[in-house]
There are 2 protein chains.
Amino acid sequence: MKRNSRLSLALHTLGHMARDPEQTRKSADIAAHAGTNPVVVRRVLGSLREAGLLVSESGHAGGWRLARAPQQITLADVYLALDERLVAPQADTEEHNCSVEHALHARVSKVMAEVEQTLLAKLSETNILAIRGSADEGMGE
Amino acid sequence: MKRNSRLSLALHTLGHMARDPEQTRKSADIAAHAGTNPVVVRRVLGSLREAGLLVSESGHAGGWRLARAPQQITLADVYLALDERLVAPQADTEEHNCSVEHALHARVSKVMAEVEQTLLAKLSETNILAIRGSADEGMGE
DNA sequence: AATACGCGCAACTGCTACTGTTACAAAATA
DNA sequence: TATTTTGTAACAGTAGCAGTTGCGCGTATT
């Protein structure tokens, strides 16, 4: 994967957390399960913490935990927390030299904005309990 | 831009072509107008030719032309011709080791497929006449 | 036939973004 | 105090893409 690796890692981890919200997990264990590096895990989960989805603690009994009930965390929350946007939107500081560019930008950005809203609406319909799987394996649960 | 540069170049060029479908344009002129390189133009427009949207000819009076009426070329045609996909979809040859990954992939890919369809539907509603601008400037028209 | 013109294509060079890795400081606990 | 775990900065490796150069091929002009 390329663009979705952060999102995948985040959702995968949240899926496991949704099973056992009380358990505190350390980044090393999460990384081992996901086949990546603890620092990468901290980077990604750090974004989720900034968005208020997770809490982290240092020290002996430290690690990562859900900041609220799994029912109250949707896929849209995660998507927004990671700043993933389908259409690279923001600061469109480009000069539109000719009228074709004007018309083009107007049409395309309108469509993209609508699609982005559609995506967010669909992602909002699913919370992370829905992706917690069923069997009992993984990360010591 | 990053991911949209090919799409922008393609649509920009088609917008101009929609104004004067008879005129044949050479890649050097198109590149000069778009602020890029003739080879880049040929690469991008080459994809549109493979999709049957454009024709190109060598030699003295050679260059690029629309393969059919501008009313019959929609933004969706261009999007598909360039193989742009919102969700990197195709060969999903990844091992889904745990049930969370299963559930996650199922949910996310379903949402993404639906959004992709939404996008294509919206893009299909606009043909390249709509992005041809209005004023008379650019590329010698 | 010879020449000029424009596309087709391959190869190479930066540039950018991202993941992975190492190293170290800060916080919390035994 | 010593240990554990996060937080963060710095750097290497990788992949994708735009840009560039060079050359071959087809086509129109002369």
From [atom1] of [X] over to [atom2] of [N], roughly how many Å is that when rounded to an integer?
{"X": "A:L45", "N": "C:dT19", "atom1": "CG", "atom2": "P", "value": "13 Å"}
{"X": "B:W64", "N": "C:dG6", "atom1": "CH2", "atom2": "P", "value": "14 Å"}
{"X": "B:Q23", "N": "C:dG6", "atom1": "CD", "atom2": "P", "value": "13 Å"}
{"X": "B:L9", "N": "D:dC17", "atom1": "CG", "atom2": "P", "value": "15 Å"}
{"X": "A:R25", "N": "D:dT6", "atom1": "CZ", "atom2": "C1'", "value": "17 Å"}
{"X": "B:R65", "N": "C:dG6", "atom1": "CZ", "atom2": "P", "value": "15 Å"}
{"X": "A:L48", "N": "D:dT6", "atom1": "CG", "atom2": "C1'", "value": "15 Å"}
{"X": "B:D83", "N": "D:dG16", "atom1": "CG", "atom2": "P", "value": "14 Å"}

Check this one for me: any side-chain N or O of B:S27 less than 4.0 Å away from OP1 or OP2 of C:dG6?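 Looking at the OP1 and OP2 atoms of C:dG6, neither is under 4.0 Å from any side-chain N or O of B:S27.
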
Is any side-chain N or O of A:S56 closer than 4.0 Å to OP1 or OP2 of D:dT5?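 It does not, given that no N or O in the side chain of A:S56 lies less than 4.0 Å from OP1 or OP2 of D:dT5.
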
Taking salt bridge (charged side-chain N to carboxylate O under 4.0 Å, His left out) as the test, write out the residues that go with A:K26, two or more places apart.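 Per chain and number, A:K26 pairs via salt bridge (charged side-chain N to carboxylate O under 4.0 Å, His left out) with no residue.
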
Salt bridge (charged side-chain N to carboxylate O under 4.0 Å, His left out) filter on B:R43, not counting sequence neighbours, yields none

Output one line per pair: protein atom, nucleotide atom from nucleotides 25-30 of chain D, and distance, for all N/O pairs under 3.5 Å.
| unit_1 | atom_1 | unit_2 | atom_2 | d |
| --- | --- | --- | --- | --- |
| D:dG26 | N2 | B:G59 | N | 2.9 |
| D:dA28 | N3 | B:H60 | ND1 | 3.4 |

Looking only at the side chain of B:T36 (C-beta and beyond, no hydrogens), which of the listed nucleotides D:dC17, C:dC18, D:dG19 gets closest? D:dG19

Nearest to the B:N37 side chain among D:dT21, C:dC18, C:dG6, which nucleotide is it?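 Side chain of B:N37 sits closest to D:dT21.
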
Do you know the tightest heavy-atom contact between A:L82 and A:L7?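 Answer, listing the atom of A:L82 first, then A:L7: CD1-CA, 3.6 Å.
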
Minimum heavy-atom distance A:E114-B:K122, with the two atoms named: OE1-NZ, 3.1 Å

Checking B:S47 against B:R6 for the side chain to side chain contact (heavy atoms under 4.5 Å, CB included) test, could you report, in this order, the C-alpha distance in whole Å, the side-chain angles of both residues, the deciding distance, and whether it holds? CA-CA 10 Å; B:S47 300; B:R6 293 208 308 267; over 6 Å; no

Between protein and nucleotides 8-11 of chain D, what N or O pairs are separated by less than 3.5 Å?
none

Reported CG-to-CZ distance for the pair B:N127 and B:R132, which is rounded to 0.5 angstrom: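 Nearest 0.5 Å value for the CG-CZ distance: 9.0 Å.
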
What distance separates A:L14 CG from A:L45 CG, expressed to the nearest 0.5 Å?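 If we round to the nearest 0.5 Å, A:L14:CG and A:L45:CG are 7.5 Å apart.
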
Acceptor/donor pairs from residues 48-63 of chain A side chains to any protein atom, 3.5 angstrom cut, sequence neighbours excluded:
| unit_1 | atom_1 | unit_2 | atom_2 | d |
| --- | --- | --- | --- | --- |
| A:R49 | NH1 | A:S56 | OG | 3.1 |

Those residues at least two apart in sequence (or on a different chain) that pass side-chain hydrogen bond (donor to acceptor under 3.5 Å, both in side chains) with B:R107 are none

